[in-house]
Amino acid sequence: MPGTSHPLKILQLVPKSPTWGFDLFQQVAAAYADAGHEVTTVFISGQASEAVIHRYKGSVHFLQLNHKHTTWRFKALARLFKLCRAQHFDAAVCHHYK
């Protein structure tokens with residue numbers, strides 16, 4: 001953002017594990033990181049994978065929630081709230097596929 005003197009803390013939210021749109025999410029993370037910003041990518045569902053973690057710039061988190069459980073939205077909100085409170089993000093990039 002123009003006029004900022006410090007790197008921004010960017011949160012990138014991805015609904016599923018990187019089985020689709022992998023290049024897009026990786027490019028978004030790389031673009032912000034290359035511009036000097038701190039990027040945290042959070043996959044809401046899917047299993048943690050070391051291969052995925054190493055392909056992304058910045059930190060990567062997997063919430064590992066199952067969309068088939070009725071309480072997944074509440075768990076996602078609680079975990080994201082906790083993460084946002086701890087990290088104090090300046091902006092969020094949300095991806096949605098529908």
Side-chain angles (χ1 to χ4, degrees):
M1 292 186 161
T4 58
S5 60
H6 63 85
L8 296 176
K9 294 181 87 173
I10 309 290
L11 171 64
Q12 178 177 215
L13 288 174
V14 181
K16 290 186 177 183
S17 63
T19 57
W20 59 272
F22 187 73
D23 290 338
L24 170 67
F25 309 140
Q26 190 176 0
Q27 289 172 10
V28 168
Y32 283 116
D34 290 345
H37 303 298
E38 298 175 40
V39 181
T40 300
T41 302
V42 175
F43 293 98
I44 295 174
S45 66
Q47 297 298 315
S49 166
E50 287 295 321
V52 172
I53 292 170
H54 292 298
R55 292 185 72 174
Y56 277 79
K57 292 187 178 183
S59 62
V60 179
H61 298 272
F62 290 85
L63 299 184
Q64 298 181 343
L65 297 175
N66 186 345
H67 289 120
K68 294 180 182 179
H69 290 103
T70 57
T71 60
W72 76 268
R73 285 185 176 95
F74 297 111
K75 289 179 181 178
L77 284 173
R79 292 180 188 175
L80 288 172
F81 180 76
K82 185 177 179 181
L83 180 66
C84 288
R85 246 184 118 159
Q87 297 294 322
H88 302 286
F89 295 108
D90 296 305
V93 178
C94 301
H95 298 280
H96 196 38
Y97 62 94
K98 290 185 180 180

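Every value quoted in this text rests on a predicted model; they were computed, and no experiment measured them.
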Asks: Which of these passes side chain to side chain contact (heavy atoms under 4.5 Å, CB included) with Thr41: His61, Gln12, Gln26?
Replies: Gln12
Asks: For a 4.5 angstrom cut-off between non-hydrogen side-chain atoms, does Leu80 reach Leu13?
Replies: yes
Asks: Using modelled atom types only, decide if a donor and an acceptor are shared between the side chain of Glu38 and the backbone of Gly58 within a distance under 3.5 Å.
Replies: no
Asks: With a 3.5 Å distance limit and no angle check, can you tell me whether Asp90 reaches the backbone of Leu8 through a side-chain donor-acceptor pair?
Replies: no
Asks: Hey, does Val42 have a side-chain heavy atom less than 4.5 Å from the side chain of Val14?
Replies: no
Asks: Do Leu63 and Phe74 share a hydrophobic cluster, counting only Ile, Leu, Val, Met, Phe, Trp and Tyr and linking them when any side-chain heavy atoms are less than 4.5 Å apart?
Replies: no
Asks: Sub-3.5 Å donor-acceptor pair from the side chain of His37 to the main-chain atoms of Pro7, do we have one?
Replies: no
Asks: Side-chain contact, heavy-atom cut-off 4.5 Å: Arg55 with Val60?
Replies: no
Asks: Could you state the interatomic distance from CZ (Arg85) to NZ (Lys82), rounded to the nearest 0.5 Å?
Replies: 11.5 Å
Asks: State, with a plain yes or no, whether a side-chain heavy atom of Leu11 is found less than 4.5 Å away from one of Cys84.
Replies: yes
Asks: Is the Phe43 ring parallel, tilted or perpendicular to the Phe62 ring (thresholds 30°, 60°)?
Replies: parallel
Asks: Between Ala29 and Val39, which heavy-atom pair has the shortest distance, and what is it?
Replies: O-CG2, 3.6 Å
Asks: Tell me every residue that passes salt bridge (charged side-chain N to carboxylate O under 4.0 Å, His left out) with Lys75, counting only those two or more places apart in sequence or in another chain.
Replies: none
Asks: Could you tell me if the side chain of Asp34 sits less than 4.5 Å from the side chain of Lys57, heavy atoms only?
Replies: yes
Asks: Between Ile10 and Phe89, is there a side-chain heavy-atom distance shorter than 4.5 Å?
Replies: no
Asks: Does Gln87 use its side chain to pair, donor to acceptor, with the backbone of Lys9 at less than 3.5 Å?
Replies: no
Asks: Roughly how far, to the nearest 0.5 Å, is the CH2 atom of Trp72 from the CG atom of Leu77?
Replies: 8.5 Å
